[in-house]
Protein chains: 2
Amino acid sequence: MPKPITRTYSRYTLNALALMGNQIREGRIAANFTADALAQRAGISRSLLQRIEKGDPGCTIGAVFEVAAILGIPLFEADSKILTTRLAYSNEKQALLPKAVRPSGRAVKDDF
Amino acid sequence: MPKPITRTYSRYTLNALALMGNQIREGRIAANFTADALAQRAGISRSLLQRIEKGDPGCTIGAVFEVAAILGIPLFEADSKILTTRLAYSNEKQALLPKAVRPSGRAVKDDF
DNA sequence: ATCTTATGGGTTATTAATGAGTCATTTTAT
DNA sequence: ATAAAATGACTCATTAATAACCCATAAGAT
């Protein structure tokens with residue numbers, strides 16, 4: 001049905017977004033890319049790239065990560081190979097985790 | 001005017017998104033949060049959280065980062081304090097950078 | 001200085017993301 | 001085994017994100 005209008009973000013989130021935007025801008029300038037050129041290469045519009053560099057929380061994460069990837073900015077401090085390895089390990093780990101969570105009014109057994 | 005329909009993502013981007021989704025799911029289970037509970041806490045819907053945990057590139061980055069922040073998953077491998085420091089440093093750096101780019105030859109870096 | 005162009009900041013039409021709901025299935029506890 | 005609840009996987013209406021413009025200004029080169 002209807003939707004909430006505004007959304008709030010923690011300072012931590014906003015700072016992380018601002019930092020990512022800065023890194024992208026720095027990377028773009030270092031690579032001597034024009035805003036138009038980089039946007040075109042990433043398959044997005046210049047106006048979106050502007051918002052990304054500004055750290056706008058409303059940008060889709062796929063667009064942001066793709067731009068970062070093009071500029072060679074490491075996500076999770078990992079290059080392609082390490083990322084793949086970590087993902088595989090993470091997937092195995094998932095299989096061992098419980099599939100559903102029981103919200104604990106009684107998480108801990110205190111009947112002793 | 002009209003807009004492109006589909007969007008393509010590099011493998012690196014998709015892997016990074018999948019890893020982030022996994023980390024969020026692991027964090028949620030570790031914190032003994034139900035999907036509903038975590039979504040409510042982050043101010044998003046359960047269906048969106050499901051997509052986030054799946055690594056959907058179409059989610060807004062603010063929503064994803066906010067969930068990560070709630071679970072204590074470090075962005076940029078940095079806690080709040082370090083993040084703030086790094087952002088401040090990054091901002092100073094920005095001031096020294098050229099404001100506009102003059103496209104010279106081409107500097108591409110798409111080998112990730 | 002002039003000229004060229006990249007950028008910032010808007011506006012608008014359209015597409016896509018989101019919230020809310022439902023239902024079936026799975027999971028966990030009893 | 002049974003029950004209760006969490007999850008997965010869809011819909012659909014509405015809102016928000018995006019692309020494509022626009023113009024004004026600032027930045028860089030000559």
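Labels below follow one simple rule: chain letters A, B, ... track the order of the sequence lines, proteins then strands, and each chain is numbered from 1. What you see is a predicted model, and the numbers here were worked out from it, not measured in a lab.
Annotation: of the two residues near DNA chain D, A:Val101 and B:Val101, the 5′-most nearest-nucleotide partner is A:Val101. Heavy-atom distances to DNA chain D give each of A:Cys59 and B:Lys99 a nearest nucleotide, and the one nearer the 5′ end belongs to A:Cys59. Along DNA chain C, the nucleotide nearest to B:Ser45 and the one nearest to A:Ala35 differ in position, and the one closer to the 5' end is contacted by A:Ala35.
In this structure, A:Gln94 atom CD and D:dT7 atom P are separated by 13 Å, rounded to whole Å. Here the P atom of nucleotide C:dA20 and the CD atom of B:Gln50 are 14 Å apart, to the nearest Å. A:Glu53 places its CD atom 12 Å from the P atom of C:dG9, with the value rounded to the nearest Å. Rounded to a whole Å, the CD1 atom of A:Ile52 is 16 Å from the C1' atom of C:dT7. Whole-Å rounding puts the A:Asp36 CG to C:dG8 P distance at 12 Å. A straight line from CD1 of A:Ile44 to P of C:dA16 spans 16 Å, rounded to a whole angstrom. The separation between A:Leu48 atom CG and D:dC21 atom P is 16 Å, rounded to whole Å. Rounded to whole angstrom, the span from the CD1 atom of B:Ile29 across to the C1' atom of D:dA6 amounts to 11 Å.
When the side-chain nitrogen and oxygen atoms of A:Arg7 are compared with OP1 and OP2 of D:dA17, none of them lie within a distance under 4.0 Å. Of the side-chain N and O atoms in B:Lys54, none sit less than 4.0 angstrom from OP1 or OP2 of D:dG8. In this model, the phosphate group of C:dT7 is approached by a side-chain N or O of A:Arg28 to a distance below 4.0 Å at OP1 or OP2. Distances shown here put a side-chain N or O of A:Thr60 below 4.0 Å from the OP1 or OP2 atom of D:dT18. Phosphate contact (OP1/OP2 of C:dA17, side-chain N/O of B:Arg51, threshold under 4.0 Å): absent. The phosphate of D:dA5 has neither OP1 nor OP2 within less than 4.0 Å of any side-chain N or O from B:Thr34.
The closest donor-acceptor contact from the side chain of A:Thr34 to the backbone of A:Ala37 lies at 3.5 Å or more, if one exists at all. No donor-acceptor pair under 3.5 Å is formed between the side chain of A:Tyr12 and the backbone N or O of B:Pro74. Listed for the A:Arg28 side chain is a donor-acceptor partner under 3.5 Å among the backbone atoms of A:Phe33. Put simply, the side chain of A:Arg86 gets close to the backbone of A:Phe76: a donor and an acceptor are under 3.5 Å apart. For the pair B:Asn22 (side chain) and A:Gln94 (backbone), a donor-acceptor distance under 3.5 Å is absent.
Distances were taken from every side-chain heavy atom of B:Arg102 (C-beta onward) to each of D:dA5, D:dG28, D:dT7; the shortest belongs to D:dG28. Side chain of B:Ala100, nearest nucleotide from D:dA9, C:dA20, C:dA6: C:dA6.
Put simply, the side chain of B:Arg46 and the base of D:dG8 share a donor and an acceptor less than 3.5 Å apart.
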